[in-house]
Amino acid sequence: MLRRWLRKGAKFVMQWGPSIALLLLVWELIVRSGTVSRRLFPSPVDTFEAGLSLLEAGVLFTDFRFSLTRSVVGFVLGGIAGVLVGLLTGRLKPVEFILSPMILLFRPIPAIALVPVATVWFGIGESAKYFVIAYSVFLAVWLNVHAGASSVSETHLRVARSLGASRTRTFREVVVPAAAPDIVNGLRYGSAVAFIVLIAAELAGARAGMGYRIQISAEFLQTDRIFFGLVQLGVLGAILDALFVFTSRRIIHWGER
């Protein structure tokens with residue numbers, strides 16, 4: 001077991017190490033070139049030190065906890081709704097006829113445009129942030145799940161019916177497994193959307209969170225803290241995405257593409 005994890009760790013370093021090292025090198029060279037002000041474009045060391053100052057101030061983990069909670073709750077709510085509605089609109093024509101045009105009408109509306117509405121409806125508490133994130137995740141997940149459910153092979157469906165399977169059993173044992181790769185892809189994309197929308201959601205009266213900290217840092221021109229917040233979001237999103245892929249490949253091994 002230990003040897004396997006060591007191999008996976010070495011593979012991760014070989015895959016990500018050169019890219020990260022190149023990014024840090026280019027970043028440092030740009031700062032050292034003097035072509036941009038260090039106050040506007042801090043170095044990697046300045047950014048790291050900004051993170052340490054936030055840690056010493058006792059706000060780093062508080063921001064992390066609030067942002068992660070908001071993202072996860074919004075993702076779970078939007079993801080469950082997206083999967084359920086996507087399966088229904090993908091296989092039931094009456095449901096598709098009623099809901100699909102409505103959903104497609106809402107898709108172009110950006111999440112940040114809903115922040116004022118969410119604040120009016122739910123106040124400045126956590127519910128408004130959950131709503132904005134869940135809304136965006138729902139649309140992202142629904143689109144993938146709907147496409148996967150509507151493209152299930154008719155041959156498989158006919159075989160199931162010829163064997164006497166009920167509509168419910170056919171849906172559960174044929175449609176859902178066949179659409180599973182698209183469900184996973186939709187949820188994976190939705191998890192990324194949750195972090196993207198997090199910044200907009202935390203504009204709705206937040207008092208803590210990574211997006212909130214970026215906003216406050218911008219008001220005081222603390223670009224080193226802004227860069228640290230962006231690095232935080234990138235690293236956390238990449239880690240969660242990797243865990244998502246790792247888990248999904250073991251649950252839905254037949255859907256690997």
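Along the sequence shown, residues carry numbers from 1.
- Counting heavy atoms from C-beta on, the side chains of Ile214 and Phe228 never come closer than 4.5 Å.
- When all heavy atoms of Ile183 and Val176 are compared, the pair lying nearest together is CD1-O, 4.3 Å.
- Remark: the backbone N or O of Phe64 is not paired with any side-chain donor or acceptor of Ser67 at under 3.5 angstrom.
- Heavy-atom minimum distance, Ala118 versus Ala128: O-CB, 3.7 Å.
- Side-chain atoms of Ser71 never come within 3.5 Å of backbone atoms of Phe195 as a donor-acceptor pair (strictly under, hydrogens ignored).
- Put simply, the residue from Leu23, Leu22, Leu24 that forms a side chain to side chain contact (heavy atoms under 4.5 Å, CB included) with Ile20 is Leu24.
- Within the 4.5 Å cutoff, the side chain of Glu126 has heavy atoms near those of the Lys129 side chain.
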Test ring-ring contact (aromatic ring centres under 6.0 Å, His included) on Phe227 and Phe41; report intermediate values, then the result. CA-CA 8 Å; Phe227 271 60; Phe41 196 82; 5.3 Å; yes
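- Under a cut-off of 6.0 angstrom, the local environment of CG in Leu77 is crowded, with over 12 non-hydrogen atoms contributed by other residues, nucleotides or ligands.
- A pairwise comparison of heavy atoms in Val141 and Gly82 identifies CG1-C, 3.8 Å as the closest pair.
- With a 4.5 Å cut-off on side-chain heavy atoms, Leu143 and Tyr189 do not count as touching.
- Residue Gln232 holds its CD atom at 5.0 Å from CG of Leu60, rounded to the nearest 0.5 Å.
- Pairing each heavy atom of Ala113 with each of Pro116, the nearest pair is O-CD, 3.5 Å.
- In this structure, CG in Asp63 is found 12.0 Å from CG in Leu68, a value given to the nearest 0.5 Å.
- Nearest heavy-atom pair across Ala149 and Ala179 is N-CB, 3.9 Å.
- Val137 has its side chain out of reach of Val197: every pair of non-hydrogen atoms, C-beta onward, lies at least 4.5 Å apart.
- Listed for the Ser100 side chain is no donor-acceptor partner under 3.5 Å among the backbone atoms of Phe97.
- Closest non-hydrogen pair, Val31 versus Pro42, comes out as CG2-O, 3.8 Å.
- Using a 4.5 Å heavy-atom cutoff, the side chains of Glu202 and Arg70 are in contact.
- Side-chain contact check for Met210 versus Leu236: some heavy-atom pair is nearer than 4.5 Å.
- Residues passing the side chain to side chain donor-acceptor pair (under 3.5 Å) test with Ser191, sequence neighbours excluded: none.
- Sparse packing is recorded around CZ of Phe48, with 12 or fewer heavy atoms of other residues, nucleotides or ligands lying under 6.0 Å away.
- Of the N and O atoms on the side chains of Thr47 and Trp27, not one donor lies less than 3.5 Å from an acceptor on the other residue.
- Residues Ser43 and Arg38 have side chains that bring a donor and an acceptor to within less than 3.5 angstrom of each other.
- In this structure, the side chain of Ser136 does not engage the main chain of Ile133 through any donor-acceptor pair within 3.5 Å.
- Note on ring orientation: taking the six-membered ring where Trp is involved, the planes of Phe131 and Trp121 are perpendicular (angle over 60°, cut-offs 30° and 60°).
- Contact annotation: the side chain of Leu233 approaches that of Ile199 to within less than 4.5 Å [non-hydrogen atoms, C-beta and beyond].
- Counting heavy atoms from C-beta outward, Leu104 and Trp142 have side chains that approach closer than 4.5 Å.
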